[in-house]
Visitor: 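I am attaching a structure below and will ask some questions about it afterwards.
These numbers were taken from a predicted model, which means no experiment stands behind them.
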Amino acid sequence: MRKVWEDRLPEALARASRSDFYRPRLEGRVSRTGPDDLAVLPLTTKDDLRAGYPFGMLAVPRRRVVSYHESSGTSAGRTTASFHTEADWEEMLDRFRRGRTSLGPDDTVLVRVPYAMVTIGHQVHAAARAAGAMVVPADARSTAMTYRRVLGLLRDLEVTVAAALPTEPLLWAACARETGGSPREHAPHLRTLIATGEPLSDARRNRIGELWGCDVVVSYGNSECGSSLAGECPEGTLHLWADRYLPEVLDPATGRTTREGNGRLVVTTLYREAMPLVRYDTGDAVELSYGECPCGWALPRIRVLGRWDQGVEVGGRTVFGSQVEEVVFGLPARLGALMWRARTHGGRLHVRIEVPEPDAAEAVAVLTGDLDAAFGPGCRVEAVPLGTLVPLDELTRASHVAKPRYLSAAEEDTGLAYPAPAAP
């Protein structure tokens with residue numbers, strides 16, 4: 001990796017220096033800054049991106065920009081802008097195609113991630129079309145695309161690959177439980193689920209795979225950096241694309257960075273044209289390590305724990321949602337726990353889980369013991385009825401859609417809107 005960084009970094013810094021934001025920061029430093037000298041440059045933060053909205057980070061003439069995107073809004077504060085040239089898109093799709101998901105003309109790909117402003121949906125859509133697959137644009141934020149309708153599309157269109165936030169297939173499974181039939185009966189052709197947009201523990205990943213009878217492939221990235229930052233090798237290990245990004249691991253307590261370890265992920269883009277980023281603090285808590293992988297890739301392994309600012313203190317240490325999730329989904333699948341929420345009280349965890357009433361006592365006893373073992377004694381578990389955390393009417397709603405109607409043959413006043421036909 002070092003040779004790649006040495007070769008690519010000067011050009012990356014030169015491109016960045018063409019933006020209004022980086023021009024004063026990098027003046028006189030482009031030719032004198034190598035991989036070992038990056039620490040002399042200040043970090044770029046989300047607040048910097050927000051302050052530079054809309055064009056402060058843009059490093060190419062606007063006529064070369066082919067798409068504009070924004071962050072998904074998962075962090076507090078104003079959204080952040082992201083621009084891409086045609087070359088940026090080609091490089092982005094090249095990264096996606098490296099991963100473990102193979103697409104071809106016989107595939108039907110359901111894209112169930114946000115399309116509006118966010119990059120990942122368009123990336124999967126474009127990659128599927130380039131491979132000759134049929135795309136089903138089932139936007140995760142469209143009121144027309146209810147969970148019942150997703151189940152119908154999975155079945156009726158014989159979907160083979162789906163891309164979604166990891167929460168989605170659990171919601172689909174809960175909808176299937178309420179409307180009848182097992183998840184696999186609704187999606188008998190599904191072979192791969194691409195999970196993206198959220199940290200995913202091994203336990204939840206395994207549960208999703210069991211529910212749907214499919215392979216679960218993880219993709220990690222963000223809109224600011226150009227979508228995919230990491231993908232899985234054939235062995236199922238998540239690798240950071242360190243030949244496209246120069247990574248650092250930040251210790252927020254000291255402000256120092258290292259090449260590996262635990263902390264916040266900082267990246268410098270090496271190929272980005274429209275919006276190069278230098279030492280961008282993603283805000284993600286990660287574990288980054290180098291070493292041999294059976295796949296033979298000379299790329300670091302990465303484990304994503306969650307947003308750094310969303311960690312909570314439990315028993316004197318910082319805990320992230322993915323770590324609690326690992327314990328929750330360690331419950332036996334037969335207990336039917338799909339939805340959970342947690343908070344802290346007095347430095348101890350209070351976890352609520354939805355489980356069928358006959359299994360509530362067993363679930364509480366098992367999960368309490370497992371949480372105490374993982375995070376220290378004093379954890380509290382409360383079993384709540386199905387539909388408490390995620391309302392059943394939201395799971396099973398047939399349609400949210402309304403269209404304007406100005407003329408009616410009926411005598412009664414129907415108003416300006418009428419509901420679209422309910423999904424079967």
Side-chain angles (χ1 to χ4, degrees), residues 1 3-23 25-26 30-31 33 35 38 44 48-49 52-72 80-99 101 103 111 113 115-133 135 163 194 196 219-231 239-247 266-280 282 297 299:
M1 288 299 101
K3 182 67 164 57
V4 174
W5 298 338
E6 290 174 345
D7 290 345
R8 296 298 309 181
L9 187 58
E11 183 179 346
L13 295 178
R15 280 198 301 268
S17 67
R18 297 174 191 136
S19 72
D20 290 341
F21 176 78
Y22 283 117
R23 190 174 297 114
R25 281 195 174 197
L26 297 177
V30 170
S31 61
T33 304
L38 270 180
T44 302
D48 290 329
L49 269 60
Y53 177 87
F55 299 116
M57 311 298 292
L58 187 61
V60 297
R62 288 174 62 179
R63 65 178 179 274
R64 291 196 55 209
V65 175
V66 298
S67 69
Y68 168 76
H69 302 269
E70 291 180 352
S71 64
S72 60
T80 56
S82 183
F83 298 91
H84 301 279
T85 65
E86 192 64 46
D88 289 334
W89 269 102
E90 291 175 5
E91 191 274 328
M92 188 192 312
L93 294 178
D94 180 62
R95 273 181 277 127
F96 179 84
R97 285 189 288 263
R98 288 173 156 189
T101 305
L103 300 175
V111 185
V113 291
Y115 270 73
M117 309 308 286
V118 184
T119 315
I120 183 61
H122 300 274
Q123 181 192 45
V124 179
H125 188 126
R129 288 195 60 183
V135 179
I194 303 170
T196 185
S219 176
Y220 161 64
N222 60 47
S223 291
E224 300 95 320
C225 293
S227 201
S228 175
L229 281 164
H239 291 270
L240 188 128
W241 304 133
D243 60 336
R244 306 297 175 88
Y245 300 92
L246 197 164
V266 172
V267 296
T268 296
T269 61
L270 297 178
Y271 283 80
R272 189 89 174 271
E273 284 190 340
M275 201 177 106
L277 295 174
V278 179
R279 305 197 74 216
Y280 177 62
T282 65
W297 289 2
L299 295 166

Visitor: Taking salt bridge (Lys or Arg N to Asp or Glu O under 4.0 Å) as the test, write out the residues that go with R23, two or more places apart.
Guide: D20
Visitor: Using the side chain to side chain donor-acceptor pair (under 3.5 Å) criterion, which residues pair with T269? Sequence neighbours excluded.
Guide: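 So T269 forms no side chain to side chain donor-acceptor pair (under 3.5 Å) with any residue.
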Visitor: Using the test salt bridge (Lys or Arg N to Asp or Glu O under 4.0 Å), find all partners of R64 that sit at least two apart in sequence or belong to another chain.
Guide: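 By the salt bridge (Lys or Arg N to Asp or Glu O under 4.0 Å) rule, R64 matches E273.
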Visitor: Ignoring hydrogens and geometry, is there a side-chain-to-backbone donor-acceptor pair from R129 to V135 under 3.5 Å?
Guide: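 It does not hold such a pair.
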Visitor: Parallel, tilted or perpendicular: which one describes the rings of Y68 and F83, with boundaries at 30° and 60°?
Guide: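 If you compare the ring of Y68 with that of F83, the planes turn out tilted.
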Visitor: What salt bridge (Lys or Arg N to Asp or Glu O under 4.0 Å) pairs are there with at least one residue in residues 84-94, not counting sequence neighbours?
Guide: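 Counting only pairs at least two positions apart or across chains, the salt bridge (Lys or Arg N to Asp or Glu O under 4.0 Å) contacts touching residues 84-94 are E91-R95, E91-R244, D94-R244.
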Visitor: With a 4.5 Å cut-off on side-chain heavy atoms, are V266 and P247 touching?
Guide: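 Not touching, per the 4.5 Å side-chain cut-off.
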Visitor: Could I get the full list of side-chain contact (heavy atoms from CB on, under 4.5 Å) partners for V30, not counting sequence neighbours?
Guide: L13, A14, S17, L26
Visitor: Under a 4.5 Å cut-off applied to non-hydrogen side-chain atoms, are V60 and H84 in contact?
Guide: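 The answer is no; the side chains never approach within 4.5 Å.
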Visitor: Is there a donor-acceptor contact under 3.5 Å linking the side chains of S223 and S71?
Guide: no
Visitor: Angle between ring planes, W297 versus W241, binned at 30° and 60°: parallel, tilted or perpendicular?
Guide: tilted
Visitor: If we count only N and O atoms by modelled type, under 3.5 Å, do the side chains of R8 and T268 hold a donor and an acceptor together?
Guide: no
Visitor: Can you tell me how far apart CE (M57) and CD (E224) are? Round to the nearest 0.5 Å.
Guide: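 Taking CE in M57 and CD in E224, the distance rounds to 10.5 Å.
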Visitor: Under a 4.0 Å N-O cut-off, is there an ion pair linking R279 with D48?
Guide: no
Visitor: Residues two or more places apart in sequence or in another chain: which of them pass side chain to side chain donor-acceptor pair (under 3.5 Å) with Y220?
Guide: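 Once residues adjacent in sequence are excluded, the partners of Y220 under the side chain to side chain donor-acceptor pair (under 3.5 Å) criterion are D284.
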Visitor: Taking side chain as C-beta onward, heavy atoms only, is Y280 less than 4.5 Å from T282?
Guide: yes
Visitor: Is there a side-chain contact between R25 and F21 in this structure, where contact means two heavy atoms from C-beta onward sitting under 4.5 Å apart?
Guide: yes
Visitor: Going by heavy atoms in the side chains, are V66 and W89 under 4.5 Å from each other?
Guide: yes
Visitor: Is it the case that more than 12 heavy atoms not belonging to R97 sit under 6.0 Å from its CZ atom?
Guide: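 Atom CZ in R97 is crowded, with more than 12 foreign heavy atoms closer than 6.0 Å.
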Visitor: Between P276 and Y22, is there a side-chain heavy-atom distance shorter than 4.5 Å?
Guide: no
Visitor: Between V113 and V118, is any pair of side-chain heavy atoms under 4.5 Å apart?
Guide: no
Visitor: Using a strict 4.0 Å threshold on nitrogen-to-oxygen distance, state whether R98 and D243 make a salt bridge.
Guide: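 Salt bridge flag = yes for D243 with R98.
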